[in-house]
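In what follows, a single structure is set out as structure tokens and then discussed.
When a ligand or atom number is given, it counts from 1 through the structure's own listing order.
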Amino acid sequence: MTKSASEETGLAPEILAKYEPVIGLEVHVQLLTNTKIFCGCSTRFGDPPNTNTCPVCLGLPGTLPVLNKRAVEMAMRASLAINCTVHERSRFARKNYFYPDLPKGYQISQYELPLATGGWVEVEHDGAKKRIGITRLHLEEDAAKNLHEGFAHSADKAYIDYNRCGTPLSEIVSEPDMRTPEEAYAYLTTLRQILLYTGVSDCNMEEGSLRCDANVSVRLRGAKEFGTKVEVKNLNSFRFLQKALEYEIERHIGVIESGGRIFQETRLWHQNENRTVGMRSKEKAHDYRYFPEPDLLPVHVSSAWRDEVLRSLPELPEAKRTRFVSQYGITPYDAEVLTATRALANYFEEVVKAGASGKNSANWMQTELLRRLKDSSKEIDASPVSPTALAELVKLVESGKITGAVGKKVFATMFDSGRSAAEIVAAEGLGAQVADFTIETAAREVIEKNPDNVAKFKSGNEGVFKFFVGQVMKSTRGQANPQAVNDILRKLLS
Ligand SMILES: [Zn+2]
């Protein structure tokens, strides 16, 4: 991915290696409330433009904001899940700027007294764990949305949809703790997973529920001082975040290596051109003239309320992964796959609760279930095979009533028809295990045809045994009980 930029800058890998990138992210996340932060209008996405508005969110004179308690609670959930201190007292402030998407002429945000500060998330990348610090989490209202396409006069006019205006947001600002684009990617992935687990946001990037800006600079390895940072906006997908950072890092190194200097500025990622473009320099940056919002009281969070929210948090992904490994004896990799979402983790635990072993449940889910769900573009919640139905199948295989190969065929039928494993096995006669004498006949035949291997086995080559098992399974078309095949072969070969 770094190719396009290095082709452009022509930087050798040893030049790039001299520098260390420093990355911090600012993430805006839309809180999953039914109504807006300062009025009772709906926050539903996709309604006809300007249907969810009222005098408050349209900023008409004489209206007063009323804080949505649910929005504060959601922001508290997020804060506590990322190990922040939720302050007893925080305050809203006016951030003044003039833009058509902001009808009041100011945005109500938090400034010098944010809701929460000083947290961290643990990120795993390339097998190494690292803590990324969280500077702050604050509450604010979203602006409206400018629409530049799809209307009668779009060629020479911009349209504005005020439905989004006043939607509650949390801005989560990280410390400049990331050192590679991959680490930034891992941080955003981890943060998104926590926000989804706690039900704070749907984190839908296409609908704008999760938006990301990056602060990036470079410095010579070993240097203490940070380089001049640039803010990159418009990173509305994980892939764009990584590509924009890769591009920007090489651009910085290129400028410094050729004797130039980096100016503090805001740049936009242009996805079609695969590059960032300067938007405005900091010298021309807005002076937001923040001052305390006179129409709202300071936010007061009692320790009782904070504790109540803390108790209501679900088990978080990291804790779940650790528990899955120790409780079910599955690998860390399996635990990571199975805790990708809460729904998936719950499904797994229900399969185990219904009597299947942790290890086999994990295997069947990953090899058969997830593959088929993906092929049919279904989420785990819409799986045609329920956890108890999958457990029944896994137990049939575990008990040797059917073989693994037959189990896979049964699973395919279960997935397509919704019928139970026992039903399919009975109806198709799959459960009828191959009789012992049939296995014995097949085994004798294999032994007769392979005197060389018999000799090898008798002289102590245990590895050859697998060959015999394989041949017998083949001639019984995978339907013999592997344990019976093993026992009969041992008897005949001894
Ligand atoms: Zn409203």
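- Arg70 and Thr35 are not linked by any side-chain donor-acceptor pair at a separation below 3.5 angstrom, with hydrogens and angles left out of the test.
- The number of heavy-atom neighbours closer than 6.0 Å to NZ of Lys353, taken from other residues, nucleotides and ligands shown, is 12 or below.
- The tally of protein N/O/S atoms under 2.8 Å from the Zn ion (ligand 1) stands at 4.
- By the 6.0 Å contact criterion, NZ on Lys95 is enclosed, its count of non-hydrogen atoms from other residues, nucleotides or ligands being greater than 12.
- Formation of a donor-acceptor pair under 3.5 Å by the Arg342 side chain with backbone atoms of Tyr197 is found in this model.
- Here Phe348 and Tyr328 bring their ring centres to under 6.0 angstrom of each other.
- Between Tyr159 and Phe151, the ring planes lie parallel to each other; the angle is under 30°, not in the 30° to 60° tilted range.
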